[in-house]
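This report refers to the structure that appears directly beneath it.
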Amino acid sequence: MSILTILEFPDERLRKIAKPIKDIDSSLQTLIDDMLETMYHTGGIGLAATQVNVHLRLLVIDTSEEKNAPLCLINPEIISKDGEFEYKEGCLSVPESYEKIIRPGHIIVKGLDRNGKEIEIEANDLLSTCIQHEIDHLNGKLFIDYLSQLKRQRIKTKIEKMHRLEGKA
Ligand code: GNR
Ligand code: NI
């Protein structure tokens, strides 16, 4: 298993649209395991393949307290959404930035599990938010895109400064 490198805003690769997965093979199983390990290692509650520079429609999530309930979704599609839920979101690709975002609070999502079996998940509140946040990544979208241009610009300036200090980018 390995810890994967997470792309950080404003990296343009975070804007790529991920492609549907056709083959659920052993290299995909390895990617899923590495994404789960990376998510647990960083303390995140979700991770989309886009964030590790793999542009395939795959996400992993674990919103449980005990961090013992990994969820993997391949080719996820939201089939219904309603209600509202507000949560102060963060993102491993947008370090040290947290903002309240309102999203539908109840969704039904379908997709494939790690074995290629069709699954349907009904999600509320935090899990609903997290699934939508991850599917946004697969569509090249970040939670800060819901903020004002001014707030987004401030976050961009802050992160670019961090990257200069770290000697990245
Ligand atoms: O770890 C994460 N926490 C989080 C909090 C609120 C809403 C969404 C998330 S997902 C995030 C990890 C991440 O960046 N996934 O893409
Ligand atoms: Ni994120």
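Both counts, for ligands and for their atoms, begin at 1 and track the order of listing. Throughout, numbering of the chain's residues begins at 1 and tracks the sequence.
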From CG (Asp62) to SG (Cys72), nearest 0.5 Å: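 Atom-to-atom, Asp62:CG and Cys72:SG are 12.0 Å apart.
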Around atom [atom1] of [X], are there more than 12 heavy atoms of other residues, nucleotides or ligands at under 6.0 Å?
X      : atom1 : result
Lys151 : NZ    : no
Lys141 : NZ    : yes
Lys67  : NZ    : yes

Main-chain N/O of Leu142 paired to Asp136 side chain as donor or acceptor, under 3.5 Å: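 Checking the backbone N and O of Leu142 against the side chain of Asp136, no donor-acceptor pair under 3.5 Å is found.
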Geometric class of the Tyr87/Phe85 ring pair [parallel <30°, tilted 30-60°, perpendicular >60°]: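 Taking Tyr87 first and then Phe85, their aromatic rings lie parallel (interplane angle under 30°).
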So, is [X] polar-close to ligand 1, with some N/O to N/O distance under 3.5 Å?
X     : answer
Ser93 : no
Glu89 : no
Tyr87 : no
Ala48 : no

Least distance between heavy atoms, Ile78 atom then Ile135 atom: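 Closest heavy-atom pair between Ile78 and Ile135: CG1-CD1, 3.8 Å.
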Would you mind listing which atoms of ligand 1 come within a distance below 4.0 Å of any non-hydrogen atom of [X]?
X      : answer
Gly44  : 1 (O)
Cys91  : 14 (O)
Gln51  : 13 (C), 14 (O), 15 (N), 16 (O)
His137 : 16 (O)
His133 : 8 (C), 10 (S), 13 (C), 14 (O), 15 (N), 16 (O)

What residue and heavy atom of the protein are closest to [atom], and at what distance?
atom                    : answer
atom 14 (O) of ligand 1 : Leu92 N, 2.8 Å
atom 13 (C) of ligand 1 : Gly46 O, 3.4 Å
atom 1 (O) of ligand 1  : Ile45 N, 3.0 Å
atom 10 (S) of ligand 1 : Glu134 OE2, 3.5 Å
atom 9 (C) of ligand 1  : Gly90 O, 3.5 Å

Pair Asn139, Arg57: side-chain N/O donor-acceptor within cut-off below 3.5 Å: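 Checked: Asn139/Arg57 side chains pair up, N/O donor to acceptor below 3.5 Å.
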Minimum side-chain heavy-atom gap Gln51-Leu7 below 4.5 Å: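 Gln51 does not reach Leu7 side chain to side chain.
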